[in-house]
2 protein chains.
Amino acid sequence: MEHNPSTQDPVAQILLLEDDAPLRERFARILAGWPGGRLVTACATLGEALAALGKHKVDLLLTDLRLPDGHGTEAIRQLRRLNPNADALVISVLADDETVLEAIEAGAVGYLLKDADSIELLEAIEEVRAGRSPISSSIARVLVRRMGAPAQNPTGPALTPRETEILRGIAKGFTYAELAEWLNISHQTVPVHIKNIYRKLAANNRSEAVYEASKRGLIRL
Amino acid sequence: MEHNPSTQDPVAQILLLEDDAPLRERFARILAGWPGGRLVTACATLGEALAALGKHKVDLLLTDLRLPDGHGTEAIRQLRRLNPNADALVISVLADDETVLEAIEAGAVGYLLKDADSIELLEAIEEVRAGRSPISSSIARVLVRRMGAPAQNPTGPALTPRETEILRGIAKGFTYAELAEWLNISHQTVPVHIKNIYRKLAANNRSEAVYEASKRGLIRL
DNA sequence: ATCAATATACCCCATTTATGGTATGCCCCC
DNA sequence: GGGGGCATACCATAAATGGGGTATATTGAT
């Protein structure tokens, strides 16, 4: 994640999307007194935000997720369609896996949980602008759980080392013959392992096996 | 990630693994004056740590990654083999994707970058014990980049909507016939799309296509 | 000492894929 | 109004795969 100061506007054009009026105004006040960015608009609804995104160049979107007329991820998606270099920072009370993952997938690079200790908004914005990802620790846990240690908690039957090797080979598109040569075994033995893999993964063919194994964290792509 | 106070020892048994003597001692001193945990041992090498893990019950591992005789992820793996409920918190200067992902995969739930502002060790430990994931923002960016918005930054040639649909079907193991029925098109048309997919992804068969597409973020598994 | 799991090897055959063509209708953009 | 990209459809054939057997050697655990 290179940062090129020449293409990076030193003063960020900020769009704020937050339906709670007191909070929105609080954020707006904080931003008003901050030289690092300019608040383009403060919106209370998704509709307003989508309209505003069409009218103004926005570098940074600060957004809530649960909105009266839709979901903040829509604003994130629209932002990144219009300007792939723009960043989105989520500020939400929602912390369930699905919501968090959807926001990250939509393109959010930061995610602050709206709770407890007052949010260090400007600090987080600076982090984002510097190419880092400020994320509340509860939210980070979702990502860690999602990415991490699936090898320790395999969902179904475990694959033997040999099977894992072969599975990796399959994922890379090797044919039976190539796998046999690669592993220095008979081209007759390869399908045996593969059949066992299919049984364990409840798959019926190569691509489904790759899909299943990847979903279960047995291989990393 | 439920937290059950009854099975959670209120006083964490902590193993510290850090090869840099001054830092190790600094951490040890911090832990010594902290009622929330007990420092079982402070190790300087992977070997010592692996031995210590065999001898003592450890709830929390604080570890560096680059060690004179190996990699801290090995200690994490060993820890989690012995006690799947134990947590690992990485403290390292390393921030490259591969290192970070390997540590998370090994089972680390927190990752503090050893830099700049003095590490808030106790705060981070408390976060970990509370089931959260303290992660430095530079490190979090690695996770976000890995999980997020690849659809916005497709690496190679883009797939058409139809191709994407078919690719998803392939990943799920559908045959040509099933795909044709699913999409209500001729079973003759399916291979045409698939050929185009192969060309765009530089793949030669189904599993390689799934592998490539997943790596490029064109599909999410 | 035995059993279970793993890895190895071979055979057969129906089904599925991969690859090469050619061709038409649609829609959008310049 | 023509060009480009997309989706559609068909044909033919060689290669690869999937599923069914059976069998042996090794190894680690009981």
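Lettering follows sequence order; numbering is per chain, from 1. The basis for the numbers below is simple: all heavy atoms, side chains too, and nothing from hydrogens, waters or symmetry mates.
- Taken to the nearest 0.5 Å, the CG atom of A:Asp59 stands 9.0 Å off from the CG atom of A:Asn85.
- Contact between the side-chain N/O atoms of B:Tyr198 and the OP1/OP2 oxygens of C:dT19 is not found at any separation under 4.0 Å.
- For A:Thr175, the side-chain atoms get nearest to D:dA16 when compared with the rest of D:dA16, D:dA9, C:dA18.
- Residue B:Gln188 has no polar side-chain atom (N or O) positioned under 4.0 Å from OP1 or OP2 of D:dT8.
- Between the NE2 atom of A:His193 and the C1' atom of C:dT6 there is a distance of 8 Å, rounded to whole Å.
- Atom CZ of B:Arg206 sits about 10.5 Å away from atom CZ of A:Arg206, to the nearest 0.5 Å.
- Closest approach to the A:Ser186 side chain among C:dA7, D:dC10, C:dC10 is made by C:dC10 (side chain taken as heavy atoms from C-beta onward).
- For A:Glu178, the CD atom counts as densely surrounded, since its 6.0 Å shell holds more than 12 non-hydrogen atoms of other residues, nucleotides or ligands.
- In this structure, A:Glu208 atom CD and D:dG18 atom C1' are separated by 13 Å, rounded to whole Å.
- Rounded to a whole Å, the CG atom of B:Asn196 is 14 Å from the P atom of C:dA18.
- In terms of phosphate contacts, B:Arg206 brings no side-chain nitrogen or oxygen within less than 4.0 Å of OP1 or OP2 of C:dT16.
- The distance from atom NZ of A:Lys195 to atom C1' of D:dA16 is 14 Å, rounded to the nearest whole Å.
- Regarding B:His187, its NE2 atom lies at a distance of 17 Å from the P atom of C:dA18, rounded to whole Å.
- Look at A:Thr189 and you'll find a side-chain N or O under 4.0 angstrom from OP1 or OP2 of C:dA9.
- A side chain to side chain contact (heavy atoms under 4.5 Å, CB included) with B:Ile76 holds for exactly one of B:Val109, B:Leu89, B:Asp87, B:Leu61; it is B:Leu61.
- Using a 4.0 Å cut-off between a side-chain N of Lys or Arg and a carboxylate O of Asp or Glu, A:Glu165 and A:Arg168 do not qualify as a salt bridge.
- For the OP1/OP2 pair of C:dA7 and a distance below 4.0 Å, the side-chain nitrogens and oxygens of A:Thr160 include at least one atom meeting the criterion.
- When the P atom of D:dA9 is taken as reference, atom CG of B:Leu183 falls 11 Å away, rounded to whole Å.
- As rounded to whole Å, 12 Å separates atom P of D:dT8 from atom CD1 of B:Ile197.
- Nearest-nucleotide positions on DNA chain D place B:Pro161 closer to the 5' end than the other of B:Pro191 and B:Pro161.
- Heavy-atom distances to DNA chain D give each of A:Ile194 and B:Ile185 a nearest nucleotide, and the one nearer the 5′ end belongs to B:Ile185.
- Taking 4.0 angstrom as the limit, A:Tyr176 places none of its side-chain polar atoms (N or O) nearer than this to OP1 or OP2 of D:dA15.
- To the nearest angstrom, P of C:dA7 lies 14 Å from CG of A:Leu179.
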